[in-house]
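Throughout, numbering of the chain's residues begins at 1 and tracks the sequence. Everything numeric in this text was worked out from a predicted model, so none of it was measured.
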Amino acid sequence: MNTSQQIVLAKRPDGHVSPDDFRVERVATPELGPGAVALETLFISIDPAIRGWLDDRPSYLPPVQIGAPVRAFGLARVSASRNSAFAVGEVVRGLVGWQQRQVVESPDAEWDRITPRAGVPLEHYLGVLGMTGLTAWAGVCDILRPEQGQTVLISGASGAVGSVAVQLAKEAGACVVGIAGGNEKCDLVTSLGADFVVDRKASDWRDQLEKATPDGIDRLFENSGGQMFEASIARLNNHAVIALCGLIDGYNMAKRPAGPSNFGLLLTKRVRTQGFIVLDYMNRARGVEAQLGELMSAGKLEAVQSVLRGFEQLPAAFVDSFPNGHPGKVIVDLTG
């Protein structure tokens, strides 16, 4: 009998997520029925969105059930198939979850076949050429649409989505201000082309933000929320645009924080604010992947990622991604 290890949700997090919220199980994998495929997981993406999926509250996807594998995007190889649309050896991308192997009874369009570009590491298809790149593109190119000389502020600029957003905004000709935490991450954001970087861990971050945006902020790519978001709202120009991608600062709070205290400025400054979820853009994923691939080939887009090896790394990698945060896209490699 074939078996697989899974990491399942043992209990719902109470505030900050903990390794104790998960447990490892070994389960039998079912036999392949007609139309089914067997998948062997290769890489698993660590994303802040996972934290929201662990809570039992209304969201754009149903919560992960207690005892079920943690939901996560990843890459997998077809190891056996009784489905004419999926050949053995093909690499697919989808919600693989925190599990080594699985059988998918009737794979549908949510499983995306990957045709790797020559010389491009496979894990890039979870990062800059995957959901991460699509998210950054949607926020910058579809919602913000910065123009030459405008000031674009990007929070979480050293993270997976933020690091791509910085480069796309700079490619558009904007003056780019990134927000990151600590000298190392600030240096990284500068190396990606940001004109100014605000260190959110510095005691004078408010002064830094003001100095970096002397003419105000025209476009805001928001990943974090919290006090920095409020301070950013205060710096917005009339008719500014916000792409609301994430509010990670509140994800680990038992009770989500109230909205910004200066919310009224969004009205008086006539600010257009659009929240967005990357799943809404899946019908454009192929075209965006091609665009981003061309930028990479031309040396205009750098993939920033941290690859951790070993299935057992998953809980710690996820828990540590909030207080510490590896730079760029965090991926767990199961191929070793």
Assess whether atom [atom1] of [X] is packed by more than 12 heavy atoms of other residues, nucleotides or ligands within 6.0 Å.
| X | atom1 | answer |
| --- | --- | --- |
| Asp204 | CG | yes |
| Gln227 | CD | no |
| Lys11 | NZ | yes |

Do Glu230 and Ser261 have a side chain donor and acceptor closer than 3.5 Å?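 Side-chain D/A pair, Glu230 to Ser261: present.
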Looking at [X] and [Y], what are the two nearest heavy atoms and their distance?
| X | Y | result |
| --- | --- | --- |
| Lys269 | Ala234 | NZ-O, 3.0 Å |
| Leu39 | Ala76 | CB-CB, 3.9 Å |
| Val189 | Gly178 | CG1-CA, 4.2 Å |
| Phe221 | Gly139 | CE1-CA, 3.5 Å |
| Ser81 | Leu32 | N-CD2, 3.7 Å |
| His16 | Phe322 | NE2-CB, 4.0 Å |

So [Y] and [X], do their side chains get closer than 4.5 Å, heavy atoms only?
| X | Y | answer |
| --- | --- | --- |
| Ile233 | Val271 | no |
| Cys245 | Thr135 | yes |
| Pro116 | Tyr125 | yes |
| Asn223 | Ile248 | no |
| Leu266 | Leu236 | yes |
| Glu123 | Leu42 | no |
| Met296 | Leu129 | yes |
| Leu168 | Leu292 | yes |

Under the side-chain contact (heavy atoms from CB on, under 4.5 Å) rule, collect the residues that match up with Asp249, sequence neighbours excluded.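 Asp249 satisfies side-chain contact (heavy atoms from CB on, under 4.5 Å) with Arg200, Ser224 only.
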Once side-chain contact (heavy atoms from CB on, under 4.5 Å) is applied, do any residues pair with Gln291, and if so which ones, sequence neighbours excluded?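 Partners of Gln291 under the side-chain contact (heavy atoms from CB on, under 4.5 Å) test: Trp137.
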Before giving the answer on side chain to side chain contact (heavy atoms under 4.5 Å, CB included), spell out for Thr151 and Arg235 the whole-Å C-alpha distance, their side-chain angles and the decisive distance to 0.1 Å. CA-CA 11 Å; Thr151 296; Arg235 301 291 302 159; over 6 Å; no
Restricting to side-chain hydrogen bond (donor to acceptor under 3.5 Å, both in side chains), what partner residues turn up for Thr41, sequence neighbours left out? none
In sequence, state the C-alpha distance, the side-chain angles, and the governing distance for Leu308 and His326, and then conclude on side chain to side chain contact (heavy atoms under 4.5 Å, CB included). CA-CA 10 Å; Leu308 310 175; His326 293 281; 4.1 Å; yes
Does [X] reach the main-chain N or O of [Y] with its side chain, forming a donor-acceptor pair under 3.5 Å?
| X | Y | answer |
| --- | --- | --- |
| Gln5 | Gln100 | no |
| Thr29 | Asn2 | yes |
| Asp21 | Ser18 | yes |
| Arg270 | Thr268 | yes |
| Thr132 | Val128 | no |
| Gln167 | Gly193 | no |
| Lys185 | Ala157 | no |
| Gln208 | Asp199 | yes |
| Asn237 | Asp215 | yes |
| Glu110 | Pro107 | no |

Cluster question for you: counting only ILVMFWY and a side-chain heavy-atom cut-off of under 4.5 Å, with indirect links fine, are [X] and [Y] together?
| X | Y | answer |
| --- | --- | --- |
| Val8 | Leu61 | no |
| Val91 | Val88 | no |
| Val330 | Leu122 | yes |
| Leu314 | Val27 | no |
| Val103 | Ile7 | no |

Got a sec, which pairs hit side-chain hydrogen bond (donor to acceptor under 3.5 Å, both in side chains) with one end in residues 59-80, sequence neighbours left out?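 Qualifying pairs: Trp53-Tyr60.
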side-chain hydrogen bond (donor to acceptor under 3.5 Å, both in side chains) contacts touching residues 292-314 (sequence neighbours left out):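 Output for this query lists His124-Gln305, Arg309-Asp333.
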Nearest-0.5 Å distance that lies between atom [atom1] in [X] and atom [atom2] in [Y]:
| X | Y | atom1 | atom2 | result |
| --- | --- | --- | --- | --- |
| Leu9 | Leu54 | CG | CG | 5.5 Å |
| Glu171 | Leu301 | CD | CG | 9.0 Å |
| Arg26 | Gln6 | CZ | CD | 10.5 Å |
| Leu134 | Asp280 | CG | CG | 10.0 Å |
| Leu75 | Ile331 | CG | CD1 | 8.0 Å |
| Leu144 | Leu220 | CG | CG | 7.5 Å |

Going through the distances and angles, do Leu153 and Glu222 end up as a side chain to side chain contact (heavy atoms under 4.5 Å, CB included)? CA-CA 8 Å; Leu153 179 67; Glu222 185 56 45; 5.9 Å; no
Would you mind listing every salt bridge (Lys or Arg N to Asp or Glu O under 4.0 Å) that reaches into residues 86-106, with sequence neighbours excluded?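 Applying salt bridge (Lys or Arg N to Asp or Glu O under 4.0 Å) to every pair that reaches into residues 86-106, excluding sequence neighbours, yields Glu90-Arg113, Arg93-Asp112, Arg93-Glu289.
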Worked verdict on Trp111 versus Phe86 for ring-ring contact (aromatic ring centres under 6.0 Å, His included): CA-CA 10 Å; Trp111 291 96; Phe86 292 84; 8.1 Å; no
Phe73 and Leu95: CA distance, side-chain angles, deciding distance, side chain to side chain contact (heavy atoms under 4.5 Å, CB included) verdict: CA-CA 4 Å; Phe73 285 101; Leu95 287 168; 3.7 Å; yes
